[in-house]
Peer 1: 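Got a structure here, written out as C-alpha cells. Questions coming.
Only this structure's heavy atoms are used, side chains among them; waters, hydrogens and symmetry mates stay out.
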Protein chains: 4
Amino acid sequence: MGRNKKEIIREAAIKVMAELGYHHSTTDRIAQEAGLAVGTIYNYFGNKEEILEYIFAVEVEKRQTAFEKQLQSEKPIFEKLEALLELHFSEIAKNIAAGQILVRERQHPGKKEANGISAFLDGVPQLIQALLDTALEQGEIRPGSTRLLAAAIFGAVQEVAATAVFSQDKQLQKEILENAASELVHFFSLGMKASP
Amino acid sequence: MGRNKKEIIREAAIKVMAELGYHHSTTDRIAQEAGLAVGTIYNYFGNKEEILEYIFAVEVEKRQTAFEKQLQSEKPIFEKLEALLELHFSEIAKNIAAGQILVRERQHPGKKEANGISAFLDGVPQLIQALLDTALEQGEIRPGSTRLLAAAIFGAVQEVAATAVFSQDKQLQKEILENAASELVHFFSLGMKASP
Amino acid sequence: MGRNKKEIIREAAIKVMAELGYHHSTTDRIAQEAGLAVGTIYNYFGNKEEILEYIFAVEVEKRQTAFEKQLQSEKPIFEKLEALLELHFSEIAKNIAAGQILVRERQHPGKKEANGISAFLDGVPQLIQALLDTALEQGEIRPGSTRLLAAAIFGAVQEVAATAVFSQDKQLQKEILENAASELVHFFSLGMKASP
Amino acid sequence: MGRNKKEIIREAAIKVMAELGYHHSTTDRIAQEAGLAVGTIYNYFGNKEEILEYIFAVEVEKRQTAFEKQLQSEKPIFEKLEALLELHFSEIAKNIAAGQILVRERQHPGKKEANGISAFLDGVPQLIQALLDTALEQGEIRPGSTRLLAAAIFGAVQEVAATAVFSQDKQLQKEILENAASELVHFFSLGMKASP
DNA sequence: AATGAATGAGCATTCATTCAT
DNA sequence: CATGAATGAATGCTCATTCAT
C-alpha cells in the first residue's frame, strides 16, 4: 500500500520533472499530478531532492542485475556491452520521460554520500571501466586508459539517448532507440574508419 | 569600457557558476565577485539566464573559427577532428571553471530561439555531423548514421572533459586534458578492439 | 483504563514539552513518547493546547487542597505561606520537567475561558492576594497594595523555581529547591535590610 | 536611512508581537504593519528570531547605562535599586507593547550565544546579584543567598510589570507602573511584616 | 477505542528584478 | 552609467487535525 503511494509519487514526479526540469518542478505540482496533497509526499520522501534521487535509484536498480550478470558472464566484451545497451535503450524506450531525466539532470550539489544520482552518474562509468579492465586483461581490447574510455562510452550513450528522448520526431526517436545499441557497439569496437 | 564591464561580469559569473552551479548562483554573489552592484549587471544583461548564454556564446565563438577552418580544409577527417579536440581541450585547460560550466549546465527550458547554450549543445553536434557527412562522401568513414555518431562523439568528448574538470587530482586532470584529443580520435577512428 | 491513557499522554507531553518547549513539541513526538498513535491523543484531548492546559490543571489541583486548607487555618500568614511554598517546591523537586513547563510556558493566546493555565498564572496570584487580604485585616502585614504584593510574590517564586529547574548543576538545583521556601518567606516577611 | 528602516521594523514588530505573541506573529504581518515588503525585513534581519532579539537588545540597552551608573555609585543599595526600577517601569509605561514582550516571551531555544534575550533574562538577574553582593559586603543587607534573592527580585519585578501591562484597566495600569518601584523596594527592604 | 496515513492551510525565507537617486 | 535598497511572487516544508479502517 505504502509502496504503491511512493510509486505514484515517483511516476508523477517523472512526468513533471521531465516536462519542467527538476528546478522548475514544484512539490505542489508533483502532488497535484499524483492526485495527492503536498504533505503526503513528505510522508514518503524527506525532501524534494530525495524524489529525484529515488527516480535515479529505481532506474539504476533496473539495470543493476543485468549489469552484474554481464560482468560475470564469459561472453566477449562487445557482446556484453551490447546486451547492456540493449537493455538501457529499451528501458528508455519504455519510459521516455524517465529517460529525459536520466539524461538531463546533473544535480550533485555536494555529491554527499552515495545517492541514486551519483550511483548513476559516477557508478555506471565505474562499472563500464571494470568491464573494460577485464577485457583488457583478456586481450580483447587495445591498451589504453580504460578510465577515459569508460567516460567516453558513458558520455556517448547518454548523448545518443538524449538525442532520442528530446527528439520531436517520434519515428526518428523510435529508430534511434532501436538501433543505438548495435550501432554504438560497432562504433566502440571498430571505430568509424573505412576499412582500407 | 562597456565591453570591459561585460567581460568582468562574465568572468565573475564563470567563477561563481562553476562553483555553485547555475541555479545556486545568485546575481548578488556574481555582482560581489565582479566588484559591482547588482543593478549594474542588468545594464549589460537582460536577466540571469543571459549571462549563462553569454558564457556559452563566448566559448562557442572561441571554437567557431577553428571549426570553420577545419571544415573547409582538405585534411583527412581524423586529422580535422583531432585539431578540433586539441583546441577544445586546450581551451578547457586554460579555464577549468568555464569547462565545468560547459559540461554541466543544461538549461534548455523551452529552448526558445537560438542562444549561446543551444549553439553549443545542439550546434556542435550538427557541426560534427557536417564533418562526418563530408567524410562519408569522401569514403573516409564507413556508412552509418552520422547523426547518431555525431551525438556519440559529442557526448564522449563532453564526458571526458567532465571527468577532467571535476577531478580533484590536478595531476590527473592535466594528463587527461593533454591526452584526451589523441586518445579519443584514436578511439573514434579504430575503436577499442584488439587487432587480430 | 481511559484515565490511565490520559495519564500516559500527560506524562509523555511533560517530558517532551519540558525538553522542546510547547511550540516545538509536535503531537507526533508526544505520541511516540507515549507509545501511542497520534490519533489516540485526540480521543483524550481536543487539541494540542488542551494537553498543556491539562498539565497545568493537574499541577494546580495538586496544590489546590493544600491552598484551601491553609487559607482556612488559623496559622500566622507567614507560616501559611511557608507551608504552601514548601509544598510547591517539593512538588517541583519531584518532577523537574513539570516544573520547567510551569515556569516557562505562558500561552494566553486570547486567555479565553478559564483553563488550567490561567488557573495557575492568574488564579495563584489571586489566591495569594486573598491570603494577604486576610492577613492585612488581621494586622499581620503592613498596609499596601495586596494585588501588587501578590504579583511580586508569585513572580519571585516562579523565577526562583525557574533558576532551579533550569540549572545544569544538579546539586545546586537540589539545594535551591530545599531552601527556597524558608528563604523566600524570610525575605517576604522581613526584607533584605540588615537590622540596625 | 537604514537605521530608520530597521527602527520602523522594530516598532512594527513590537506592535504585532505584543498583540499576537512571537509565535503567532508572521513576517508578512510585521511587514504589513511596517508598510514594507517582507523581503525588506530580511535586508535588516537574518530571520524572524533576530527581530525579537533586537527588540530585547534595544530595551536592554536603554537600561544598561543606568545600571552601570548605579552599580558604581555610592548610594545605599535600596536607593540604587529604586532608581533602577523607576527607570524600568517608566520605560515600560512609555511603551506598553514593548513591556508585554519583555514580560511574556521566553524563547531561549538553545540559549546559544549571547543574544538580546538572554542578555535580559539571564543578564539582569546577574546584575542584580552583583548589586546585592556589593551590598552584602557593605553590610547593608542580611546574609543570604544573593543568587536566590536576585532571582526573586527579578521575578517579582517581571510579574508586577506583567500585571500592569496586561491589565485592561488603563487607570490601574498607570497606577501600578507609577508606584511599583517604591512599593517593591519597600517590600524588598523591609518585607511585609507589620512592625511589632 | 486505537490507528496512522492523508490532509492542506500556513509560513519563513529566497532572490531575480526594478528604479529612484 | 552605477548603485543597492526595496520589492513580492514563488516555493519547500511543517504539523495539528481528521477519519476510514
Peer 1: Using a cut-off of less than 4.0 Å, is there contact between a side-chain N or O of N43(B) and OP1 or OP2 of dA2(F)?
Peer 2: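 True: N43(B) side-chain N/O within range (under 4.0 Å) of dA2(F) OP1/OP2.
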
Peer 1: Touch check for T27(B), heavy atoms < 4.0 angstrom, all strands: base, sugar-phosphate only, or nothing?
Peer 2: base

Peer 1: Given that Y42(B) and A37(C) both sit by DNA chain E, which one's nearest nucleotide is further toward the 5' end?
Peer 2: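 So the residue in question is A37(C).
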
Peer 1: Remember a base hit wins even if backbone is also touched, and classify I41(A) as base, sugar-phosphate or nothing at under 4.0 Å, heavy atoms.
Peer 2: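 I41(A): no heavy atom of the nucleic acid under 4.0 Å.
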
Peer 1: If we check side-chain contact (heavy atoms from CB on, under 4.5 Å) with F120(B), which of these qualifies: E105(B), E53(B), Q158(B)?
Peer 2: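 Answer after filtering E105(B), E53(B), Q158(B): Q158(B).
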
Peer 1: Indicate yes or no for a side-chain donor-acceptor contact from K48(B) to the backbone of S25(B) under 3.5 Å, with no hydrogens or angles considered.
Peer 2: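 Pair found, side chain donor or acceptor close to backbone of S25(B).
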
Peer 1: Starting from P on dT3(F), measure out to OH on Y44(B) and report it in whole angstrom.
Peer 2: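 Taking OH of Y44(B) and P of dT3(F), I get 9 Å after rounding.
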
Peer 1: Establish, with yes or no, whether the OP1 or OP2 oxygen of dT7(E) is under 4.0 angstrom from a side-chain nitrogen or oxygen of T40(A).
Peer 2: yes

Peer 1: Is the shortest distance from a Lys or Arg side-chain nitrogen in E59(C) or R63(C) to a carboxylate oxygen in the other one below 4.0 Å?
Peer 2: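 R63(C) and E59(C): salt-bridged.
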
Peer 1: Looking for any heavy atom pair under 4.0 Å, which part of the strands does T26(C) touch: base, sugar-phosphate only, or nothing?
Peer 2: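 The answer is sugar-phosphate, as T26(C) gets under 4.0 Å only of primed atoms, P, OP1 or OP2.
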
Peer 1: Between P on dG4(E) and CD1 on I30(C), what's the gap in Å once rounded to a whole number?
Peer 2: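 So the two atoms are 17 Å apart, to the nearest Å.
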
Peer 1: Of the nucleotides dC13(F), dG8(F), dT3(F), which has the atom closest to the L36(B) side chain?
Peer 2: dT3(F)

Peer 1: Given that both distances must come in under 3.5 Å, which nucleotide forms a Watson-Crick or G-U wobble pair with dA20(F)?
Peer 2: dT3(E)

Peer 1: Whole angstrom is fine here: how far is it from CG in D28(B) over to C1' in dT18(E)?
Peer 2: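 Whole-Å distance recorded here is 13 Å.
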
Peer 1: Salt bridge between E33(B) and R29(B), side-chain N to carboxylate O under 4.0 Å?
Peer 2: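 Here E33(B) pairs with R29(B) in a salt bridge, since their nearest N and O are under 4.0 Å apart.
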
Peer 1: Looking at K48(A), I'd like to know whether one of its side-chain N or O atoms comes within less than 4.0 Å of OP1 or OP2 on dT11(F).
Peer 2: no

